[in-house]
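Every chain is numbered from 1 and lettered A, B, ... according to where its sequence line falls, protein lines coming before strand lines.
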Amino acid sequence: MNIAVLLKQVPDTTAKINVSNGKVDENSVSKWSMSPYDEYALESGLQMKEATGGVLIAIACGPERNKKMLTDAAAVGADTLIHISVDGILDSIQVQNFLAAVIKNNEVDVVLCGKQAADTNAGSTGPGVAEILDAACVTMVSEVSFIENKFISVRPSISGTEKVSTNGLSVFTFDKGVSELRRPNVRGIMMAKKKVIETIKPENLGLEGSDSERVLLKAQNSPPEKEPGQIFEGVGEIPTIISKLRNEANVI
Amino acid sequence: MKFTIIAETNGDLLHQTTYQLIGAISNIGSKSTVICPNGKGSSEASKIKGVEKIISVNGDCFDLFDGSAWASAINSVCEGTVIISASPNGREIGSIIAAKRNIPIIQDVTGISPGITVTRPIYSGKATETLEISGESVITLRPNAFENADIGNEAPISVVDQTSDLRVAIIEAINKASERLDVTEADIIISGGRGMGSVDNFSHLESIADSLDAAVGASRAVVDEWGMPHRMQVGQTGKTVSPSLYIAVGISGAIQHLAGMRSSKYIVAINKDPDAPIFTIADYGIVASWEEALPILKSELMKL
Ligand SMILES: Cc1cc2nc3c(=O)[nH]c(=O)nc-3n(C[C@H](O)[C@H](O)[C@H](O)COP(=O)(O)OP(=O)(O)OC[C@H]3O[C@@H](n4cnc5c(N)ncnc54)[C@H](O)[C@@H]3O)c2cc1C
Ligand SMILES: Nc1ncnc2c1ncn2[C@@H]1O[C@H](COP(=O)(O)O)[C@@H](O)[C@H]1O
């Protein structure tokens, strides 16, 4: 079984974001990491690989620094590393078309990714890629397994959670999983360093050129400053706070 | 530019966010077509100002949620720029519609102006970005970020029948969630952290939540360490919320927690440590233990 895991590199959640001249200064980001939910997708992919004797293909689309993340994925067990090398800004559908093309070229049986990436919090990629591939899609899953030729996954439902099944090529977007994430061991790290990363340029994917620049980045800014709040020692001002929330803010 | 809005419903009624989607488009001077899956909320929608017409799309594919089936049925009647709520289902349907049309989707938008130019938070609210969109796109709007549209209209309703195939089969419903409001739905959230001392003490938060019709949230520390349900978790790896009022009790205010709640309209923090980072974003901070503060908070609320 060929298991594709889509990995997006984002500024680490603890990294400070600096804005200068209307643009986020990416060079000043202290640490880039695999987006948190992608770690759960990867872990689930590794378990599925172990259970089925499959091959885990890690795919990342982004600039050169993505290679480090792919190597990190190899250190915990990813077999094939594919880097779609792009530098500029892509819109959602461009990324999805690139990822879907690579998935098609690798005869993949199942695609695992994060439910939302930590940079834009979008949640577009999994369902979009599934649509392009004409695959089934289950979002926000916490577990996936392959049993009797079916994918069985657990997703939230209105009344709790539910177990669902899909046949054929399926895309799963991961919420927080149920398993502990594995950490690489020394051997894994050494082996990963030797692993070859297959680099692909989008122009070699055989896609028709899409109209570029449909989404133009005008500016990035620091979040609007909040008025400094009022901090009270002790509980004496609680009645005042309640009355302000009631009469000035109108929120209760 | 034509706008198609996909209504979000709550039972047979429109969800509040639908009024906000319509309001946001009216505010940029455009009228919209509203699509009501299975006709739910259609007569209600026809009375909202700014609505030009309603299309009620009927089909048994709407009986349960399968994003792909919903998107196929809805897409058949979409025109122009498609607007939908940035709720979990909205994000999924929107993504599939965008992929079907081979157009971009811009999620979680908090500001929109003619042109179309949109603003959205990025990096968990540590920055925002403004994008200019040319051509068609799908745009999801963050709940509670826009004003409700007014009532006063009589827009025509047409009905279209659609079928589409389900690809996902439900094989087992597992546990029942509590009846409590979900944090992403609630207008007021009261969340507890490790400072609450134990799971049992969350009953104090629940009783205040009951009197405010609020949802109860939690920090990751209590979800991971005390086994509280993950759906209650607010933050980077939990839910992103933007209620009118967020009350944080015994939560230190780690950057990953702030990521999920910093865009709340009003933030009240109760923490016994005056240097807790949660106070840096609180509108009102109460430096006290919850044991002292919650009973007073509760009795004051009872007086309202
Ligand atoms: C990749 C990643 C993702 C993460 N995602 C999330 C996330 O989604 N959500 C999240 O919340 N965290 C997340 N975290 C964890 C985050 O870093 C913090 O560890 C967590 O938020 C701390 O929870 P807390 O505030 O409840 O606990 P603590 O930091 O231990 O704070 C407890 C607070 O309670 C106060 N206190 C103690 N006793 C009392 C009392 N009697 N009365 C009043 N106050 C009292 C203390 O002064 C303290 O400020 C994430 C971390 C990482 C690395
Ligand atoms: N550029 C990318 N390269 C690889 N995977 C991606 C990329 N963008 C998104 N993904 C995957 O899709 C998930 C959702 O991303 P998003 O739609 O950006 O919120 C991520 O968690 C990744 O698993």
Side-chain angles (χ1 to χ4, degrees), chain A residues 11 13-14 17 19 24 36-37 91-93 96 118-124 127-128 130-132 136-140 154 156-157 159-166 176 210-211 214-223 226 229-235 238-239 241-242 245-246 249 251-252, chain B residues 67-68 88 91-92 95-96 98-100 102-108 122-135 167-177 212 230 236-237 240 244-245 255-256 265-266 268 279 281-288 292-293 296-297 300-301 304:
Chain A
T13 55
T14 55
I17 300 293
V19 178
V24 167
Y37 296 114
D91 68 37
S92 60
I93 191 72
Q96 292 163 25
D119 52 358
T120 57
N121 245 325
S124 315
E131 175 59 32
I132 298 166
C137 180
V138 187
T139 56
M140 298 188 284
V154 178
S157 69
S159 56
T161 58
E162 61 194 14
K163 232 183 222 182
V164 302
S165 77
T166 56
K176 189 182 173 207
S210 62
D211 341 353
R214 285 178 294 190
V215 181
L216 205 69
L217 176 61
K218 298 295 275 186
Q220 292 173 320
N221 293 297
S222 297
K226 250 193 120 142
Q230 292 172 279
I231 312 299
F232 303 103
E233 285 291 333
V235 296
I238 291 179
I241 295 173
I242 299 280
L245 289 172
R246 174 83 164 187
V251 291
I252 52 176
Chain B
S68 156
R91 285 171 192 247
E92 182 175 344
S95 304
I96 300 171
K100 279 185 185 298
N102 203 24
I103 56 178
I105 178 166
I106 298 93
Q107 302 259 26
D108 208 17
I122 50 171
Y123 305 123
S124 311
K126 290 184 210 167
T128 64
E129 71 182 12
T130 304
L131 305 166
E132 193 179 277
I133 308 165
S134 47
R167 302 193 101 129
V168 179
I170 295 172
I171 49 182
E172 185 189 345
I174 310 175
N175 56 6
K176 285 249 176 245
L212 286 172
H230 178 60
Q236 177 87 58
T237 41
T240 303
S244 303
L245 175 61
I255 185 96
Q256 297 91 353
K265 224 177 244 165
Y266 284 88
V268 173
F279 288 130
I281 64 155
D283 298 278
Y284 299 110
I286 300 163
V287 183
E292 281 179 281
I296 301 176
L297 189 70
E300 285 300 315
L301 289 170
L304 295 178

Q | Residues in salt bridge (Lys or Arg N to Asp or Glu O under 4.0 Å) contact with B:Glu172, at least two apart in sequence or another chain | A | A:Lys163
**Q.** Between CD1 on residue A:Ile241 and OH on residue B:Tyr266, distance to nearest 0.5 Å
**A.** 13.0 Å
Q. Taking the side chain as C-beta and beyond, is there a heavy-atom pair between A:Phe232 and B:Val287 under 4.5 Å?
A. no
Q. Tell me, do A:Leu216 and B:Leu131 make a side-chain contact under 4.5 Å, heavy atoms counted?
A. no
Q | Contacting moiety of A:Leu217, where chain B heavy atoms sit under 4.5 Å | A | both
Q: Just give me the residue among B:Pro104, B:Ser124, B:Ser244, B:Gly135 that pairs up with chain A most often, heavy atom to heavy atom, under 4.5 Å.
A: B:Pro104
Q.
Show the nearest heavy-atom pair for residues A:Ile17 and B:Ala127, with the distance to one decimal.
A. CG2-CB, 4.2 Å
Q) Among B:Gly125, B:Ser95, B:Ala282, which has the most heavy-atom pairs under 4.5 Å with chain A? A) B:Ser95
Q | Spatial distance of atom SG (A:Cys137) from atom CD (B:Glu92) [nearest 0.5 Å] | A | 5.5 Å
Q.
Looking at B:Arg91 and A:Ala122, would you say the former's side chain and the latter's main chain have a donor-acceptor pair under 3.5 Å?
A. yes
Q. How close do B:Ile105 and A:Ser92 get, heavy atom to heavy atom, and via which atoms?
A. N-OG, 2.9 Å
Q: First locate atom OG1 of A:Thr14, then atom CD1 of B:Ile255, and finally report the distance between them rounded to the nearest 0.5 Å.
A: 8.5 Å
(Q) Would B:Leu301 and A:Ile252 count as a side-chain contact (heavy atoms from CB on, under 4.5 Å) here? Give the steps. (A) CA-CA 9 Å; B:Leu301 289 170; A:Ile252 52 176; 3.9 Å; yes
Q. CD1 of B:Ile286 to CD of A:Gln230: how many Å apart, nearest 0.5 Å?
A. 11.5 Å
(Q) Within the structure provided, determine whether A:Gln220 and B:Thr128 are in side-chain contact (heavy-atom separation under 4.5 Å). (A) no
Q: Kindly give the heavy-atom pair with the smallest separation between A:Ile238 and B:Ala293, and that separation in Å.
A: CD1-O, 3.7 Å
Q: Start with the C-alpha gap between A:Asn121 and B:Thr240, add the side-chain angles, then the distance that decides, and say whether side-chain contact (heavy atoms from CB on, under 4.5 Å) holds.
A: CA-CA 9 Å; A:Asn121 245 325; B:Thr240 303; 3.8 Å; yes
Q) Can you name the residues that form a side chain to side chain donor-acceptor pair (under 3.5 Å) with A:Thr13, not counting sequence neighbours? A) B:Gln256
Q) Who wins among B:Ile171, B:Ile281, B:Leu245 for the most heavy-atom pairs under 4.5 Å with chain A? A) B:Ile171
Q. So, A:Tyr37 side chain and B:Thr237 main chain: donor-acceptor pair closer than 3.5 Å or not?
A. yes
Q: Please flag which part of B:Leu212 lies under 4.5 Å from any non-hydrogen atom of chain A: side chain, backbone, both or neither.
A: side chain
Q. Would a 4.5 Å heavy-atom cut-off, applied to side chains only, mark A:Pro223 and B:Lys126 as touching?
A. no
Q.
If I take atom CD1 from residue B:Ile103 and atom CZ from residue A:Arg214, how far apart are they, to the nearest 0.5 angstrom?
A. 8.0 Å
Q) Given that the side chain runs from C-beta out, which part of A:Glu233 has a heavy atom under 4.5 Å from chain B: side chain, backbone, both or neither? A) both
Q) How close do A:Pro127 and B:Ile96 get, heavy atom to heavy atom, and via which atoms? A) CB-CG1, 3.7 Å
Q. Top residue by heavy-atom pair count (under 4.5 Å) with chain B, among A:Gly128, A:Gly123, A:Gly234?
A. A:Gly234
Q | Selection from A:Ala130, A:Ala219, A:Ala136, A:Gly229 maximising heavy-atom pairs under 4.5 Å formed with chain B | A | A:Ala219
(Q) Quick one, A:Asn221 with B:Glu129, criterion side-chain contact (heavy atoms from CB on, under 4.5 Å). Give me CA distance, side-chain angles, the key distance, then yes/no. (A) CA-CA 6 Å; A:Asn221 293 297; B:Glu129 71 182 12; over 6 Å; no
(Q) Using 0.5 Å steps for rounding, measure from the CD1 atom of B:Ile170 to the OG atom of A:Ser165. (A) 10.0 Å
Q: Tell me, out of B:Gln107, B:Lys100, B:Arg167, who's got the most heavy-atom pairs with chain A below 4.5 Å.
A: B:Arg167
Q) Checking A:Val251 against chain B: side chain, backbone, both or neither under 4.5 Å from a heavy atom? A) both
